[in-house]
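Written below as C-alpha cells is the structure these notes are about.
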Amino acid sequence: MPELPEVETTRRGISPHIEGRKVDRVIVRQPRLRWPVADDLPARLIGQTVLSVGRRAKYLLLNTEAGTLIIHLGMSGSLRIVDETANVAAHDHIDICLDSGLRLRYRDPRRFGALLWTSQEPLQHSLLKHLGPEPLSAEFDGDYLYQQAVNRSVSIKQFIMDGRVVVGVGNIYANEALFSAGIHPRRSAGRIGLVRYQRLAVMIKKILLEAIRVGGTSLRDFVNSDGNPGYFSQSLQVYGRAGGNCIKCQAKLREIRLGQRSTVYCSNCQH
DNA sequence: TTAATCACCTGAGGGC
DNA sequence: TGCCCTCAGGTGATTA
C-alpha cells in the first residue's frame, strides 16, 4: 500500500531506466482504473521522450515536452521495469514500451490508481493544486502545523492525513508518528500546543526519511521497481501490533477506528 | 467551511 | 475443500 516513501522509492528505482528514453508503444490491457485511462493516452505518449521523473505528494510525474503523465499508485499499484520477454501477469494493466527495449509496467490489483495526461503545468492540475506542503520540505514544521490547526476540531490523526494540510502521510506513518510524538490519535487538532506540534513534525520527517532509506514498508502488496519488498515494516512500533505490548511501557496496544481507518496507540504513552 | 460518510476494487484470512 | 463474509486502504465526491 504505497505511501510517500513507497512512491519515492519507486521514483528513484524507475528514473534511471526511463529518463532520456523515447516511448515507442503503449499497451493498455485494462483501462478501468480509478478514472478510465483516456483513449488518446497512447497517441499522446508515443514519440515523446521522458525528460524527468518527478513526484508531488503520492503522484509520480513523467515529464515530456508535450505534457506530463500523472501516475497514482492507489492502494495496491506498483511500477516495475521489465524487458519485452517478461510474462504478463494478472493485473498488469499498462506497459509503456521504451526505445531501449525495456518497459515500464503498471500493475494494480485493486485498480484504485490512475494514469492521467495533462498538457498544462502539472502542479496546476486540479488534483495537485490544492495540496499542502511536502513533509520533507523546509516549509513543513511545527509552527506551520500549529497555525493550520487553529479552531480545527477534527482528530489529530485525520488532520495530518489530510492532503490539504500536509501530503504523503498515510495511515501507517500517521500511526507511527503519533506514537513517537506521544500524542493520542483522537485528540482534537486545535487542542495541541506548539511544542507538541514541533515534536510531531520532527517525528513525521524522521519516520518518512527512515522509511525511504530502507525502501518503504511492505505490507501485502507493495514491491519496489525491482520487484523487491521494502523493509520498514520491520521497524513499525504500533501499526499492525494491536493487542501486543507497547515497546516503551509494555502496556497493551489498543485499536480504534478513526475516519474509517485502523488506528493503533498506547493509552499510557499517548495523551 | 468543516466534518463525516460513501464509493471504488480485489485479495487475504477467518469462520463454518 | 469450498463458500461466504469482513477487512484493508487513498482519496474524490457527496451529504449534513
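Note that the structure is predicted; figures quoted are calculated from it, not measured. Residue numbers begin at 1 in each chain, while the letters A, B, ... track the order of the sequences.
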Residue of the set A:Leu69, A:Ile18, A:Val28 for which side-chain contact (heavy atoms from CB on, under 4.5 Å) holds with A:Ile96
A:Leu69
Does any N or O in the side chain of A:His93 come within less than 3.5 Å of the main-chain N or O of A:Ala90, such that one atom is a donor and the other an acceptor?
no
In terms of side-chain heavy atoms of A:Tyr59, which of C:dG12, B:dT2, B:dC6 is nearest?
C:dG12
Please check if the side chain of A:Thr118 supplies one atom and the backbone of A:His125 the other of a donor-acceptor pair under 3.5 Å.
no
Spacing between A:Met75 atom CE and B:dA7 atom P, to the nearest angstrom
18 Å
Let's see if you can work this out: which of B:dA3, C:dG10, C:dA8 has an atom nearest to the side-chain heavy atoms of A:Arg261?
C:dG10
What's the closest nucleotide to the A:Lys58 side chain, out of C:dG10, B:dC9, C:dG12?
C:dG10
Proximity to the side chain of A:Pro109 - top-ranked nucleotide from B:dT10, B:dT2, B:dA4
B:dT10
Under 4.0 Å, counting only non-hydrogen atoms across every strand here, what does A:Arg257 touch: a base, just sugar-phosphate, or nothing?
sugar-phosphate
Under-3.5 Å donor-acceptor pair between A:Arg34 side chain and C:dT11 base:
yes
d(NE2, A:His93; C1', B:dC9) in whole Å
10 Å
Would you say that more than 12 heavy atoms from the other residues, nucleotides or ligands in this model lie under 6.0 Å from the CD of A:Glu84, or not?
no
Between C1' of B:dT5 and CG of A:Leu258, the distance in whole Å
14 Å
Answer yes or no as to whether C:dT11 has its base stacked against A:Phe112, where stacking requires a ring-centre separation under 5.5 angstrom and planes under 30 degrees apart.
no
Between A:Asp95 and the options A:Arg80, A:Arg25, A:Arg29, A:Arg107, the salt bridge (charged side-chain N to carboxylate O under 4.0 Å, His left out) test singles out A:Arg29
Given C:dG10, C:dA8, B:dT2, identify the nucleotide with an atom nearest to the side chain of A:Arg152.
B:dT2
Between B:dT10, C:dG12, C:dG10, which one does the side chain of A:Trp35 approach most closely?
C:dG12
Donor-acceptor pair under 3.5 Å: do we get one between A:Arg110's side chain and the base of C:dG10?
no
Within the modelled atom types, does a donor on one side and an acceptor on the other bring the side chain of A:Arg32 and the base of B:dT10 under 3.5 Å apart?
no
Closest approach to the side chain of A:Glu3, judged atom by atom: which nucleotide of B:dA3, C:dG10, B:dC9 is it?
C:dG10
Rounded to the nearest Å, what distance is computed from the NE2 atom of residue A:His91 to the C1' atom of nucleotide B:dA12?
12 Å
